[in-house]
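Since we're looking at a predicted model, the values are computed, not measured. Labels below follow one simple rule: chain letters A, B, ... track the order of the sequence lines, proteins then strands, and each chain is numbered from 1.
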Amino acid sequence: MILIFTEIADGAIKKSSLEAIYYGSKVAEMMDTTVTALAIGNADAAELEKAGNFGATNILHANDTKLTSPNSMAYASVLAETVKNTGAKVIITAKSSFADAVIARAAGALKAAVVGNVTELPNMSNGFQVKVSIFTGKAFADVKVNGDVKILAIKKNAVAPIENNNSAAVENISPSLYENLFSAKVTETIKATGMISLPEADLVVSGGRGMKGPENWQPLLDLADALGAATACSKPVSDLDWRPHHEHVGQTGVKVSPNLYIACGISGAIQHLAGVNSSKVLVVINKDPEAPFFKAADYGIVGDVFEILPKLTKAILANK
Amino acid sequence: MKILVCISSVPDTTSKISFTDGDTKLNKAGVTYIIGPYDDYALARAVELKEQSGATITVLNVGGADAEPQIRKALAIGADDAIRVDVEPTDSYFVAEQIAAVAKNGNYDLILMGRETSDYNSGVVHGIVGEMLGISSFSPVMQLDINGNEASITREIEGGKEKLTASLPLVLGCQEPIAEWKIPNMRGIMTARTKPLKVIPAAGSALTITEKYSLPAPKGACKMIPAEEAEKLIELLKTEAKVL
Ligand SMILES: Cc1cc2nc3c(=O)[nH]c(=O)nc-3n(C[C@H](O)[C@H](O)[C@H](O)COP(=O)(O)OP(=O)(O)OC[C@H]3O[C@@H](n4cnc5c(N)ncnc54)[C@H](O)[C@@H]3O)c2cc1C
C-alpha cells in the first residue's frame, strides 16, 4: 500500500496534495498495490472524497479537535503511527515547508529514507530510483532509494493529473495524541487571507527592485488580479520590507514551478533564477536589454515596467 | 547555555554546476565552497545570543577534510570549538544520525541549523534529529529569542507567520531574517586557528545513493516583443505557450 500525506486548507485537500495522490496512484500501478490518503485536521467529507478522483481507494481522516491547527510534530506522530498500522512502505507528499517538517520527524521515527524535490515517476527497473532536482533547479540527480520505508516529497508538476470518476471511502481514525506533542504554545498567527497561495499557484507575477518602492506595486497587483495569479518578489524587495517575506522567491526563498512566471524589474541574478527556473514559461519585463534574466526567459519585453504592466492588464480584461 | 550549530559546506550560490566521471561526480574544479547560506543565518543568531547573554557555541560539520576552511570560518565568526564527523554527507537520514549521535552526549540547549542545505534542498535534517533525540523541532524559524528556559519563535507558514513559545532543548531550522550574515574580523580569524577542532568517525550507513547527475535541457532563444506592442504578449501566452 502507498500512503499519501495530504495537506488540508480551508476544509479541502490542497491541489498539490491531489497531485501527490495521483502520483501515488501511478506508483501503485507499477507496484501492483493501492493508494490510501491520510488527511489530518478539519475537512468536509465531500472534499475528502475527491481523493478518489485522483486515484486513492481509501482516505484515513484524523479529525480530533487538537489537530485543527497544523502542528508538525503532532501530524508527524499521526503519520508515523499510520505507517506502522497500515504497513505502508512508500509514503508520498507534495513538497512544502510544512510537509518537510512532518515527514522529517516521521522519517526519524520510522528509520525511513527521505528524498525531496522528486520531479518524475520512479524508475523501478533496478531497485527504486527517482530523479530529484538539486542545487535549487540547476541540476538533477538520479537517486537510488534503499531503506525498507521510503518517503518522497514531490515537486509541483512531477505528474500531470487526469481525474477519474472513482470515489474513495473515508474512514475516521483516532491516533494516539501524546501530550508532549502539544507542549509548544502558539501565541499568534498572522496569515494573509484571500490570497492565492504562492507555492501552489499556476500563474505568478513577481516584482524586483525595478519597481522602485512599495507604493508602486498597484500595477503589478492589478495584473495579478486580472490573471488570477499569486504575487512574488525578489530578495532585496522583501529585505527592504516592500513586500512580505513569504513572497520572496529564489535560492533562499520560496521555490516555485508555475506554468507562467512574469518577472517585473528583476535583474535575474543566479540566486533568483534558482527559485524560478523550473517554471514552464518565463516572461521578463526589464528596461535594460542586457539584464541577465533575458537569457533564461521564453518571452521578453525591453521597456519601462510602469508603462507595460497596465497594457498587459488592459489586454487581459479586454479579452475576458 | 550550550548551542550546537550544524553547518553544511556547499558550492557558492553563483557556482556553475557541472559533472565529471561520466556524470557521477560533481566537478569541483573552480568551485568555491561556502557555509550553507541558511546555516550561516543560524550561526549568526547563535553568535548574537552568545553576545547578549553568554553561551558556548560548538560548530558541527558532517563532511570531508575539504570542509575545514568553512569550519574555521565559523570559528572565526564566533564559535568556540568544532567537531567534524569524517564522512561525505550523502543522505539526509544518515547526516541526521551523525548529528544526533554528537548531540546525545553534549547536553545542548539549542541545536541550530539552516532550514535546508543549498545542494539537495531537502529540508528534513532538523526534524529527523529532533525525533531521534526526542525533543521538539521547528522550521523554518525567522526569529528566535531566549528567555531562561523558554524560546520565543516566529515560524514561517504558508502566506504568513506564526509566533510560538517552547521550552528548551530545541532543534531549529533557521532562515532569514533571524539574523544578518556575519563576516569574520581579523581577530576572529587569528583566534580561529587555535580553537579546538575534533575529528570523529561516522557510524551507520546511507539509505540513499546518488547514481548519476544531469543538467536541464538548454533553454531556447527568448522571443522579444517590442514594448509598443506589449499586449501581443497576452495573445502569445494564450495561443503559442498555451499557459493562459
Ligand atoms: C547567498 C545569496 C542568496 C541569495 N538568495 C536570493 C534569493 O533567494 N532570491 C533573490 O531574488 N535574490 C537572492 N539573492 C540576491 C541576488 O544576488 C540579487 O541581488 C537579487 O536577486 C537582485 O534583486 P532584483 O533583481 O530585484 O534587483 P536588481 O538586481 O537591483 O535589479 C533590478 C532590475 O530592475 C530593472 N529596472 C529598473 N527600473 C525599471 C523599470 N522602470 N522598468 C523595468 N525594469 C526596471 C533594472 O534594469 C534591473 O535589472 C541572494 C544573494 C546571495 C549572496
Side-chain angles (χ1 to χ4, degrees), chain A residues 73 96-98 100-101 103-105 107-109 113-117 129 134-136 138-147 183-192 195 197 199 245-246 251-252 259-260 270-271 280-281 283 294 296-303 308 311-312 315-316 319, chain B residues 11 13-14 17 37-38 91-93 96 115 118-128 130-132 136-137 139-140 142 156-167 175-177 207-216 219 222-225 227 230-231 233-234 236-237 241 243-244:
Chain A
M73 297 220 315
S96 78
S97 49
F98 181 71
D100 284 346
I103 59 171
R105 291 202 69 109
V114 206
V115 273
N117 297 304
Q129 195 197 59
I134 57 171
F135 295 109
T136 22
K138 285 187 201 169
F140 297 99
D142 293 328
V143 178
K144 185 145 177 201
V145 192
N146 299 323
S183 59
K185 304 258 168 312
V186 174
T187 53
E188 195 182 351
T189 304
I190 306 153
K191 203 173 158 140
M195 301 285 283
S197 143
H245 186 268
H246 58 81
Q251 177 133 27
T252 50
N259 294 333
L260 174 64
I270 193 158
Q271 298 95 347
K280 274 196 194 141
V281 174
V283 173
F294 286 118
D298 299 286
Y299 297 96
I301 304 179
V302 176
I308 289 159
K311 281 193 193 174
L312 299 180
I316 288 159
N319 266 311
Chain B
T13 52
T14 57
I17 301 295
Y38 290 112
D91 167 73
S92 302
Y93 187 93
R115 64 170 291 180
S118 58
D119 48 10
Y120 274 63
N121 315 102
S122 288
V124 290
V125 170
H126 33 76
I128 305 177
E131 183 70 27
M132 284 174 171
S136 299
S137 60
S139 178
M142 314 165 72
E156 188 154 63
I157 57 173
E158 211 178 290
K161 48 195 175 180
E162 181 178 83
K163 294 189 176 179
L164 50 92
T165 57
S167 306
Q175 71 171 25
E176 61 179 14
L207 303 180
T208 61
I209 301 162
T210 294
E211 297 189 317
K212 210 171 168 55
Y213 296 99
S214 55
L215 293 170
K219 269 269 182 193
C222 177
K223 193 169 205 166
M224 299 307 291
I225 299 149
E231 55 285 344
L233 171 70
I234 303 300
L236 287 168
L237 292 176
V243 288
L244 291 184

>> Going by the rule side-chain hydrogen bond (donor to acceptor under 3.5 Å, both in side chains), which residues pair with B:Ser122 if we only count those two or more places apart in sequence or in a different chain?
In response: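 Not a single residue meets the side-chain hydrogen bond (donor to acceptor under 3.5 Å, both in side chains) criterion with B:Ser122.
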Heavy-atom distances under 4.5 Å only: say whether [X] touches chain B with side chain, backbone, both or neither.
X	answer
A:Val186	both
A:Tyr299	both
A:Met73	side chain
A:Asp298	both

For chain A, which of [options] has the most heavy-atom pairs under 4.5 Å?
options	result
B:Leu215, B:Asp119, B:Leu237	B:Asp119
B:Ser214, B:Pro11, B:Ala166	B:Ser214
B:Pro177, B:Ala230, B:Pro37	B:Ala230
B:Val124, B:Leu244, B:Asp91	B:Val124
B:Ala241, B:Pro216, B:Ser92, B:Ser139	B:Pro216

>> Using side-chain heavy atoms (C-beta onward) and a distance below 4.5 Å, is A:Ile308 in contact with B:Leu233?
In response: no
> Would you call A:His245 and B:Gln175 a side-chain contact if the rule is heavy atoms closer than 4.5 Å?
Replying inline: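 Yes; the side chains approach each other to less than 4.5 Å.
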Proximal component of [X], with respect to chain A [non-hydrogen, under 4.5 Å]:
X	answer
B:Ile225	both
B:Ala96	neither
B:Leu236	both
B:Pro140	side chain
B:Ile209	both
B:Tyr213	both
B:Glu211	both
B:Lys212	both

Find the distance between [atom1] ([X]) and [atom2] ([Y]) and round it off to the nearest 0.5 Å.
X	Y	atom1	atom2	value
A:Ile316	B:Glu231	CD1	CD	11.5 Å
A:Asp142	B:Thr210	CG	OG1	8.5 Å
B:Met132	B:Ser137	CE	OG	12.0 Å
A:Lys280	A:Asn259	NZ	CG	4.0 Å
B:Met142	B:Glu162	CE	CD	12.0 Å

Partner chain B: residue of [options] with the largest heavy-atom pair count (under 4.5 Å):
options	value
A:Thr189, A:Val145, A:Thr252	A:Thr252
A:Ser97, A:Gly116, A:Gly303, A:Ala101	A:Ser97
A:Gln251, A:Lys144, A:Gln271	A:Lys144
A:Ala297, A:Ala296, A:Ala315	A:Ala297

> If you measure only the distance, is there a donor-acceptor pair under 3.5 Å linking the side chains of B:Glu158 and A:Ser197?
Replying inline: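 Judged by distance alone, the side chains do pair up.
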With no hydrogens and no angle check, is any side-chain donor or acceptor of [X] less than 3.5 Å from a backbone partner on [Y]?
X	Y	value
B:His126	B:Arg115	yes
A:Lys138	A:Ile270	no
B:Tyr38	B:Ser118	no
B:Asn121	A:Asn117	no

